[in-house]
Amino acid sequence: MSMNYVSTRDKTVSLTASQAIAQGLARDGGLLTPEVLPELTPAFFQDLVSKSYGERAVAVMKLFLEDFSEEELTRFTQAGYSGEKFDDSRVAPLTALDEDTYCLELWHGPTSAFKDMALQILPHLLSASLVKNQEEKTVCILVATSGDTGKAALEGFRDVDRTKILVFYPKDGVSAVQALQMQTQEGGNVGVCAVHGNFDDAQTGVKVLFSDEQLREDLAQKGYFFSSANSINWGRILPQLVYYISAYCDLLGQGKITMGEKVNYCVPTGNFGNILACWYAKQMGLPVGKLICASNSNNVLTDFIRTGTYDKNRTFHTTMSPSMDILVSSNLERLLFGLSGQDDKAVADYMEQLKQTGRYTVPEALRAKIQADFAAGFCDEADTSAAIAKVWKEKKYLIDPHTAVAYTVMERYRQESGDKNKTVFVSTASPFKFCDNVLKSLGLEKVREGLDALDQLAEYSGRPAPAPLAALRSKAVRFTESVDKQAMKDAVWTMLP
Ligand SMILES: *Cc1c(COP(=O)(O)O)cnc(C)c1O
């Protein structure tokens, strides 16, 4: 069996893992996706129980990366998940709130958000993929970020050989800490620029740059080619499978579950990359009950999963969980491909309808399959604040607004469905990354300005702020430029030397 990658819009496109990672997006605009999935057995999970997180990552990733050696992958995980980068040696620890409820903390990396889990590995995969494919050019990574990806990508790629990284973030869509994290980025191969508008403006702008043939040619002349670090790159999804499997192994190891017992996962969702990784793990044999897709007021996915109609023609809300302020969830395309029996023509058609009219409806049979795997819900700003306050008051456990959305949707799902499976809810950011909204939610009236709010939250909670956030105060601001969406192409040339 050979592990090839096909486009979700054309199955005849077939690439190796390293080609798929180097290329990012298929030429036809589809997403590169494994043609077959490996099957995991109870023995596989049992074997991982006694292993470290890095060893678990190698065991899972090597199944998908035939043209990488185990030795290479070991090197990558040792570098990416080292004690220098992660402040917890378990990398993705589980915290029990009670016997049935566990929080999977994915924010112990260098930028305090879950994007580090993949972006500490992707640059290594990409750099090696270039060498494996005799690529002479320098890769120019273009990123549209709703906040967390940008910083995690900058940190992951900084000063990696033969890479440049340019990040566009929405001026009106990131927190003060997030903006400062990017504006102060160090490294000789990095560029950062704000775009007037919201995340969809920045993402659409980057997609236009990717499909601009003239720009592609001009860059090639200068020795560059474009690739992506957004979650459309398979190298972003793959490392994310690991923590779902790892959490299951931890529950087994702690005697909380028996082998084969189903566990639900509730994931705060934006671009659908994180929860998609869990769906792949389930397809491969991880005993997952329901995948609970949690959204904020931008509830396009809730409606889709409940009705089968995806409709982005709706008001865009700027919320306190900005990494989920998304109306077009790119990775849903991979789910449609997988659950439709790899019907590339149908997927291409849905995506064309989405482009033309902003909506599409999947057939009844496909909707039923989606509902067999997924439940969905959303919550508003007041619910989000209330969850932060409740979890702190009742459990003395501090969660950020994204995690609070997941917590709320999980609790509602349990009440409405009566589902008694143990549930892991995913925590995607440190509360310190969003301290002003966390402090307000906790009922503090006078929230201090900017980084002083970090100290305030640390004092109030008795927990220390993550070291890289505390260090922001002493960093020089390097990037202050902001442009209109139409001027992003010029900004590329300004940022590239
Ligand atoms: C990116 C992000 C999400 C959404 O993840 P997707 O993979 O885009 O669904 C949720 N929370 C935080 C903190 C994030 O950074």
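One-based numbering, in listed order, for ligands and for the atoms of each.
Note on ring orientation: taking the six-membered ring where Trp is involved, the planes of Phe272 and Phe374 are tilted (angle from 30° to 60°). Aromatic ring orientation, Trp234 versus Phe64: tilted (interplanar angle from 30° to 60°). Classification of the Tyr310-Tyr360 ring pair by plane angle, with boundaries at 30° and 60°, yields parallel.
Applying the 4.0 Å criterion to heavy atoms of Pro268 picks out, from ligand 1, the atoms 4 (C), 10 (C). Close contacts of ligand 1 with Asp148, meaning ligand atoms under 4.0 Å from a residue heavy atom, involve 12 (C), 13 (C), 14 (C), 15 (O). Atom numbering of ligand 1 starts at 1 in the shown order; those under 4.0 Å from a heavy atom of Ala429 are 13 (C). Within ligand 1, counting atoms from 1 as listed, the ones closer than 4.0 Å to a heavy atom of Phe272 are 6 (P), 8 (O), 9 (O). Near Gly273, the atoms of ligand 1 lying under 4.0 angstrom from a non-hydrogen atom of the residue are 6 (P), 7 (O), 9 (O). Numbered from 1 in the order shown, with element, the atoms of ligand 1 that lie under 4.0 Å from a heavy atom of Thr269 read 9 (O).
Ring centroids of Tyr244 and Tyr265 are separated by less than 6.0 Å, placing the two rings close together. His402 and Phe434 have their aromatic ring centers within a separation under 6.0 angstrom.
Shortest contact from atom 11 (N) of ligand 1 to any protein heavy atom: Thr428 OG1, 2.8 Å. In terms of protein heavy atoms, atom 5 (O) of ligand 1 is closest to Phe114 CE2, 3.6 Å. Closest to atom 7 (O) of ligand 1, if we only count protein heavy atoms, is Asn274 N, 2.9 Å. Ranking protein heavy atoms by distance to atom 9 (O) of ligand 1, first place goes to Gly270 N, 2.7 Å. With respect to atom 14 (C) of ligand 1, the closest heavy atom belonging to the protein is Lys115 NZ, 2.8 Å.
For ligand 1, the polar-atom distance check finds no N/O of Phe434 at less than 3.5 Å from any of the ligand's N/O atoms. Polar contact with ligand 1: absent for Asp400 (N/O pair, distance under 3.5 Å). Polar contact check, Ile326 against ligand 1: no nitrogen or oxygen pair lies under 3.5 Å apart. Considering backbone and side-chain atoms alike, Asn271 places an N or O below 3.5 Å from some N or O of ligand 1.
In the model, Asn331 has no side-chain atom that pairs as donor or acceptor with a side-chain atom of Asn271 under 3.5 Å. Side-chain contact check for Asn264 and Arg414: no donor-acceptor pair (N or O, by modelled atom type) lies under 3.5 Å. Counted by atom type alone, Thr319 and Asn296 present one or more donor-acceptor pairs between their side chains at under 3.5 Å.
Geometric assessment of Lys390 against the ring of Trp392 yields a negative cation-pi assignment under the 6.0 Å and 45° thresholds.
Side-chain contact between Leu301 and Ile275: absent, with no pair of heavy atoms (C-beta onward) separated by less than 4.5 Å.
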